[in-house]
Each structure stands twice: as C-alpha cells, then as structure tokens.
Amino acid sequence: MSKTADIRLPDPSRWKALAFIALAQLMVVLDATIVNIALPHAQTALGISDANKQWVITAYALAFGGLLLFGGRIADLWGRKRTFVVGLIGFALASALGGAAQNQGMLFGSRALQGVFGALLAPAALSLLAVMFTDAKERAKAFGIYGAIAGGGGAVGLILGGFLTQALNWRWTFFVNIPFAVVAASGAYFVIREPAGSRNRSPLDIPGVVLSALGLVSLVYGFTRAESAGWSDALTIGTFVAAGALLLAFVLTESRVASPLLPLRVVLDRNRGGVYLSLGLAVIAMFGLFLFLTYYLQVVRGYSPIRTGFAFLPMIAGMITGSTQIGARLMTRVPARKLMGPGFLTAAVGMLLLTQLEIGSSYTTLILPAQLLLGLGMGTAFMPAMSLATHGVEPRDSGVASAMVNTSQQVGGAIGTALLNTIAASAATAYATSHAALGARDPELLKLQSMVHGFTGAIWWAVGILVVASAIAVTFINAGRPSTATASGGSGSGDADGVEDEFKVPVVAH
C-alpha cells in the first residue's frame with residue numbers, strides 16, 4: 001500500500017448516501033434522549049423500582065461505550081457498508097424488543113442490544129463519510145450536515161419523545177426507530193459504494209478488544225455509579241482503579257502487538273488527540289446542560305414534556321446554523337483551531353448566561369439567547385472537529401479513528417451527567433441546610449430554590465470546562481486550512497518552524 005497523488009474519482013452517489021447516513025445518525029442521537037422522556041411511564045408500566053430504573057440508561061451506555069473501538073475495527077475489517085447495514089438491522093430488532101418488553105429484564109436486555117449494534121453503526125457511519133468525501137469543500141458540507149445532526153438531534157429527541165409519550169404511549173419511543181432503520185438500511189444497501197481496497201484485513205487484536213471493552217465499561221460504570229452511590233463509595237473507587245489498570249494494560253498491549261485494535265498513531269497525532277480531548281470536554285458540559293435545563297423547565301417552571309422539547313428549538317437552530325453556515329463555509333478558508341477555539345468560547349458565554357438562572361427567570365430574555373449562543377458555538381466547533389478527527393488517517397484506520405470520536409463523546413457524556421449532577425446535588429444540599437429557616441415557612445419554595453442554586457453552581461463548572469476545551473483546541477490543533485484540491489499529504493501537523501501546512505486528504509493506491 002502506498003500513497004500517491006492520483007486523484008480517485010468521487011462517488012456519483014455520495015450525496016444520496018449522505019442522506020441515509022444522516023438518517024441513521026439522527027436515529028442514534030434521537031434514541032439517546034427520547035428514552036429519557038419515556039422512562040417515568042415505562043417504569044410505572046413495568047413495575048421497575050427506583051433503584052433499578054437507571055439501568056434503562058446504563059445498560060445502553062455500558063454496551064455502546066465499551067464496544068465502540070471494537071465496532072470501529074470491525075468496520076475496517078468487514079467493510080463499512082456491511083457493518084453499517086448490520087448495525088441498522090440489529091438496532092431495529094433491539095428496538096422492537098424494547099417496545100414489546102413485558103418486564104424489566106426484557107427492557108434492560110433490549111437497551112444493551114441497542115448499545116451493541118449502535119457501537120457497530122456509529123463508527124461505520126462516520127468512517128463512510130471520511131472515505132467517500134475526499135474533496136475539501138464537499139467534505140466541509142457533508143460534515144456540516146453530520147455535525148448539525150450530531151449536535152441538535154438530542155433536542156429533537158426531547159420533542160419527539162414528549163409527543164409520542166403523550167399522544168400514544170412509551171412503547172412508541174422504541175418502535176419509532178424501526179422505520180428510521182429500515183429506510184436507512186435499504187437506502188444504504190442500494191446507494192452506498194464503499195471505495196475499493198480500503199479495508200484493514202489484519203487479524204483481530206483479541207487482547208485489545210477484551211482490555212478496551214472491560215476498561216471502558218468500568219470507566220462508564222464508575223461515573224454512572226458515582227452519580228447514585230457517591231464518589232467515596234468503595235465500589236465506585238474500585239471501579240475507577242480497575243478502569244485505570246485495564247486501560248493502561250490496553251495501551252501497553254497496543255504498543256507491542258503487530259495488528260493493534262487502536263493503532264497508537266491514530267491518537268498520538270497532536271491534531272486528532274486535541275480533537276478527541278476538547279470534544280470530550282465539551283460534551284461533558286453539554287450533557288450536564290441538557291439534564292439541568294430539562295429539570296428546570298419541567299420541575300421548576302412546570303412545562304409539559306412536549307413544551308420542554310420545543311423550548312430547546314433555539315439550540316437546535318443555533319447548532320444547524322453554526323455547523324452548516326459558519327463551520328462549513330469557513331472550514332476551507334481558516335484553520336480548524338480558529339473555528340473550534342472561538343466556537344467553544346461562544347458556547348461558554350451562552351453557558352455563563354445560564355448561571356443567572358432563578359426560579360422566575362424569563363425564557364425569552366435569558367434562556368433563549370443562552371441557547372442560541374450555545375448552539376452557534378457548539379455547531380461551529382463540532383463541524384471541523386468531526387472532519388479533522390478522521391482527516392489524515394489512512395482509509396484502513398478510518399473506522400477506528402471514527403470510533404474514537406464516538407468514544408470521546410460517550411465517555412464525556414457519562415462523565416458530564418455524573419460529575420455535574422453530583423456537584424449540583426451537593427450545592428443544593430448545602431443551600432437547603434443554610435436556609436433551614438425558609439424551609440420551615442415554605443418547604444416547597446426552599447426545594448425549588450435549592451434545586452436552581454445547585455444547577456447554577458454546576459453550570460459554573462461547565463463554563464470552566466468549555467474554556468479549557470477552547471484552550472486545548474487552540475494549543476494542540478495546529479493543522480492549517482484544508483486544501484481545496486484532493487491530494488496526498490500528511491496528517492496536517494504544522495512545520496517545525498511553526499508555519500502551518502495545509503492538511504490534505506490522503507489518497508491511497510492499492
């Protein structure tokens with residue numbers, strides 16, 4: 001296998017393929033939030049205890065987060081199209097099982113199966129974009145669309161979940177995945193033409209698969225358990241220690257085996273490493289925000305599930321605008337760090353506005369502009385991040401590079417939910433203790449004020465996390481703007497003298 005400047009003719013069906021890839025991505029992102037809205041109804045219908053209800057979320061997170069690297073490697077080995085279609089079919093079947101669940105065991109099992117097939121589907125989708133769109137301008141447009149869906153689809157899930165739960169019943173939050181999957185799989189089968197010779201047929205790294213899966217599952221479970229049992233819980237601490245040991249063993253293994261599951265060249269490149277780290281931090285902040293705003297609007301302000309979903313529309317609009325109109329248009333003109341750094345800072349300003357939340361805060365004058373800034377900033381940053389994360393890798397590594405993007409988001413989401421929720425709960429408890437006199441006069445008012453105080457305390461942390469993400473993006477990422485012509489090249493690192501190169505799309509001859 002050798003690099004050459006010969007230009008591969010673009011796939012004439014690539015834009016049709018993008019439509020089906022985007023539909024599949026929308027399904028996966030919707031599922032992350034749509035089930036949250038339906039959870040109270042499913043819990044009542046199936047008699048799930050409060051102690052066990054977390055497993056509806058945790059079962060999916062553990063399977064998805066733990067198997068993402070394996071899914072990315074399978075995509076490189078089997079072929080991305082085949083993995084994509086198998087993932088869609090499996091996700092549809094698992095969703096049907098969840099919708100038909102008669103007890104908590106069936107529901108938990110269906111969620112774990114959704115996570116397994118999602119771990120095949122997600123990296124295959126992103127790596128298909130990476131190998132099908134090689135022209136810089138087209139790549140910018142394609143990743144702009146993908147980034148808008150990845151960022152805004154969760155909020156759409158809140159709207160759809162609220163509508164389906166209220167108008168029909170909770171089971172339809174599972175059944176709705178089936179038509180998405182069928183249409184996307186059918187279209188992908190007939191439209192997608194994966195570039196020839198882009199597979200990595202090296203033997204599967206079984207020790208790497210086992211160590212990475214156990215390490216990531218331990219890490220995700222540790223943060224999930226910390227949210228409910230506390231950070232000082234013995235099992236929580238033990239889980240984190242085990243995760244650290246397993247992931248360290250994984251890194252050592254990958255540095256020695258002939259055909260590693262995760263070639264260290266993928267993550268040691270400063271640009272991709274900077275993307276994975278900054279993106280993971282940004283997702284920590286965003287997942288915490290979704291959680292707090294949902295509770296604020298429904299519990300404090302009394303919004304219905306549907307109204308809560310519609311209240312997130314400004315953020316969706318901001319993300320779509322940031323991805324398609326700002327990020328995609330400027331990506332071929334300026335280096336990625338000059339979009340990601342300011343993008344994360346803009347989101348931090350939006351988050352900063354939300355530190356002013358009070359029980360009676362105006363949606364129009366505070367929450368709406370904060371969401372617009374958050375959406376614009378995250379959309380602008382997500383688009384070049386998604387593209388750069390798979391840029392400069394050889395086609396045979398595109399699946400595992402894509403899996404690392406999803407892994408950083410999944411781990412970031414688990415950390416964000418647990419960490420920020422724990423901070424909010426501690427701040428709320430401290431506020432309630434110091435205002436006990438108010439509780440004697442009006443316990444309901446104290447409850448709401450404590451909750452909002454906890455939210456704003458955690459949001460301050462989210463502001464700081466976004467600032468750190470911006471600093472990492474500006475410091476680590478030194479790739480120049482993409483070349484407008486497809487050509488061979490390196491990973492896009494800057495020259496030794498600090499002058500930026502234009503990072504190119506690698507074209508591989510077989």
Side-chain angles (χ1 to χ4, degrees), residues 19-48 52-68 70-71 74-75 78 81-125 149 153-154 156-190 192 305 309 406 410:
F20 296 112
I21 293 170
L23 182 64
Q25 173 66 11
L26 178 62
M27 180 192 71
V28 172
V29 176
L30 285 177
D31 189 74
T33 52
I34 198 172
V35 174
N36 290 348
I37 294 290
L39 180 55
H41 298 267
Q43 180 183 358
T44 301
L46 299 181
I48 302 173
N52 286 337
K53 69 179 181 181
Q54 64 166 327
W55 285 102
V56 176
I57 308 300
T58 304
Y60 178 88
L62 292 179
F64 188 70
L67 295 174
L68 271 168
F70 175 67
I74 289 295
W78 283 1
K81 174 180 174 178
R82 180 184 300 175
T83 306
F84 182 72
V85 172
V86 169
L88 280 167
I89 294 172
F91 201 92
L93 293 174
S95 298
L97 180 64
Q102 299 301 307
N103 53 58
Q104 64 179 18
M106 282 184 67
L107 187 62
F108 299 160
S110 72
R111 290 291 286 162
L113 280 175
Q114 281 184 314
V116 170
F117 288 106
L120 291 176
L121 174 60
I149 291 173
V156 176
L158 295 173
I159 300 173
L160 188 58
F163 173 78
L164 291 172
T165 302
Q166 287 186 206
L168 299 171
N169 62 53
W170 67 269
R171 296 183 185 277
W172 282 94
T173 60
F174 286 89
F175 290 145
V176 73
N177 290 329
I178 298 173
F180 276 97
V182 169
V183 172
S186 301
Y189 181 80
F190 290 107
I192 291 178
N406 288 283
Q410 183 67 21

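For this chain, numbers begin at 1 and follow the sequence in order.
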task: Specify the closest pair of heavy atoms between Pro123 and Leu68, including all atoms of both residues, with the distance to one decimal.
output: CD-CD2, 3.9 Å
query: Between Phe64 and Ala122, what is the shortest heavy-atom contact and its length?
result: CZ-CB, 3.9 Å
Can you list everything that forms a side chain to side chain contact (heavy atoms under 4.5 Å, CB included) with [X]? Sequence neighbours excluded, please.
| X | result |
| --- | --- |
| Ala188 | Phe84, Val85, Ile192 |
| Val176 | Ile34, Leu160, Leu164, Phe180 |
| Phe174 | Val35, Leu107, Ser110, Arg111, Gln114, Trp170 |

Spatial distance of atom [atom1] ([X]) from atom [atom2] ([Y]) [nearest 0.5 Å]:
| X | Y | atom1 | atom2 | result |
| --- | --- | --- | --- | --- |
| Asn177 | Leu93 | CG | CG | 11.5 Å |
| Leu46 | Gln104 | CG | CD | 8.0 Å |
| Phe108 | Asn103 | CZ | CG | 9.5 Å |
| Arg82 | Ile74 | CZ | CD1 | 11.0 Å |
| Trp172 | Ile178 | CH2 | CD1 | 8.0 Å |
| Tyr60 | Leu113 | OH | CG | 12.0 Å |

task: Tell me, with the steps shown, if Leu120 and Phe91 meet side-chain contact (heavy atoms from CB on, under 4.5 Å).
output: CA-CA 10 Å; Leu120 291 176; Phe91 201 92; over 6 Å; no
- prompt: Within a strict 4.5 Å, meaning less than it, do heavy atoms of the Met27 and Leu88 side chains meet?
  reply: yes
- request: Without swapping roles, check the side chain of Arg171 against the backbone of Ala42 for a donor-acceptor pair under 3.5 Å.
  value: no
